[in-house]
Amino acid sequence: MSDKDNFFKRVLEVAQLVPYGKVTTYGNIAAYLGSKGSARMVGWAMNQSHHSKTPVPAHRVVNRNGMLTGKHHFGSPNLMQELLENEGFIIEHNQIVNFKENLWDPEKMSSE
DNA sequence: GGTGTGACCAGCT
DNA sequence: AAGCTGGCCACAC
């Protein structure tokens with residue numbers, strides 16, 4: 001395995017672990033990886049997630065406010081919202097209304 | 001090899 | 001109260 005992919009790939013893996021109808025935050029993923037302050041890196045990995053061979057549900061990853069900050073990176077700015085709404089989410093002003101209700105934490109799995 | 005930036009977060013002014 | 005800067009780690013030029 002490539003050692004350089006440790007963080008980058010780890011973020012993608014966690015993102016792929018997010019179940020249907022659930023969302024997680026950059027900070028949670030970063031904290032789960034042990035680097036709470038590297039939330040930016042999580043977003044960066046998401047940017048490269050398009051480059052990743054594996055399909056990454058980046059639309060299930062939002063910021064701490066539940067806002068679709070990265071919707072602009074999905075190819076279509078409304079694509080992210082459509083995907084979330086398709087999973088039963090309620091988006092208002094680019095923000096997930098029931099975000100907190102469907103918030104999923106990687107640490108909560110504790111299946112490591 | 002140094003500088004800048006990036007889909008963020010939290011603290012300080 | 002709101003705005004801004006710093007900090008974190010990795011990648012591109």
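The sequence lines fix the lettering, A, B, ..., with proteins before strands; numbering per chain opens at 1.
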Rounded to whole angstrom units, what separation is found between the [atom1] atom of [X] and the [atom2] atom of [N]?
X	N	atom1	atom2	value
A:Leu33	B:dC8	CG	C1'	14 Å
A:Met41	B:dG6	CE	P	12 Å
A:Phe7	B:dC8	CZ	C1'	12 Å
A:Asn94	B:dA7	CG	P	15 Å
A:Gln48	B:dT5	CD	C1'	12 Å
A:Arg40	B:dG4	CZ	P	13 Å
A:Arg10	C:dC8	CZ	P	21 Å
A:Trp44	B:dC9	CH2	C1'	20 Å

Among [options], which nucleotide has an atom closest to any side-chain atom of [X]?
X	options	value
A:Phe74	B:dG6, B:dA7, C:dC9	B:dA7
A:Ala39	B:dC9, B:dG6, B:dA7	B:dC9
A:Tyr26	B:dG6, B:dA7, C:dA10	B:dA7

Requested in this report: Would you indicate whether A:His50, at its atom NE2, is surrounded by more than 12 heavy atoms from other residues, nucleotides or ligands within a distance under 6.0 Å?
Outcome: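 Yes - once you tally the heavy atoms of other residues, nucleotides and ligands closer than 6.0 Å, there are more than 12.
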
Query raised in the report: Does A:Thr69 place a side-chain N or O at less than 4.0 Å from the phosphate oxygens OP1/OP2 of B:dC8?
Result: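 Yes.
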
Query raised in the report: Does any N or O donor sit under 3.5 Å from an N or O acceptor when you compare the side chain of A:Arg64 with the base of B:dC8?
Result: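 For A:Arg64, whose side chain was compared with the base of B:dC8, there is no donor-acceptor pair (under 3.5 Å).
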
Report task. Please round to the nearest 0.5 Å and tell me the distance separating atom CD of A:Gln81 and atom CZ of A:Phe89. Result ->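 Reported to 0.5 Å precision, the distance equals 12.5 Å.
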
**Report entry** Candidate pair A:Asn78 and A:Lys71, rule side-chain hydrogen bond (donor to acceptor under 3.5 Å, both in side chains), full reasoning
**Finding:** CA-CA 7 Å; A:Asn78 58 312; A:Lys71 66 171 188 174; over 6 Å; no

Query raised in the report: How would you label the contact of A:Asn63 with the nucleic acid (heavy atoms, under 4.0 Å): base, sugar-phosphate, or nothing?
Result: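 It contacts sugar-phosphate atoms only.
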
Report task. Would you mind classifying the nucleic acid contact of A:Ala58 as base, sugar-phosphate or nothing, using non-hydrogen atoms under 4.0 angstrom? Result ->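 Base, at least one base atom sits under 4.0 Å.
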
Query raised in the report: With distance as the sole test, does A:Thr25 use its side chain to make a donor-acceptor pair with the main-chain N or O of A:Asn28 at under 3.5 Å?
Result: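 Yes, A:Thr25 side chain to A:Asn28 backbone: donor-acceptor pair under 3.5 Å.
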
Query raised in the report: Transitively linked via ILVMFWY side-chain contacts under 4.5 Å: A:Leu103 with A:Ile91?
Result: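 Shared cluster, yes.
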
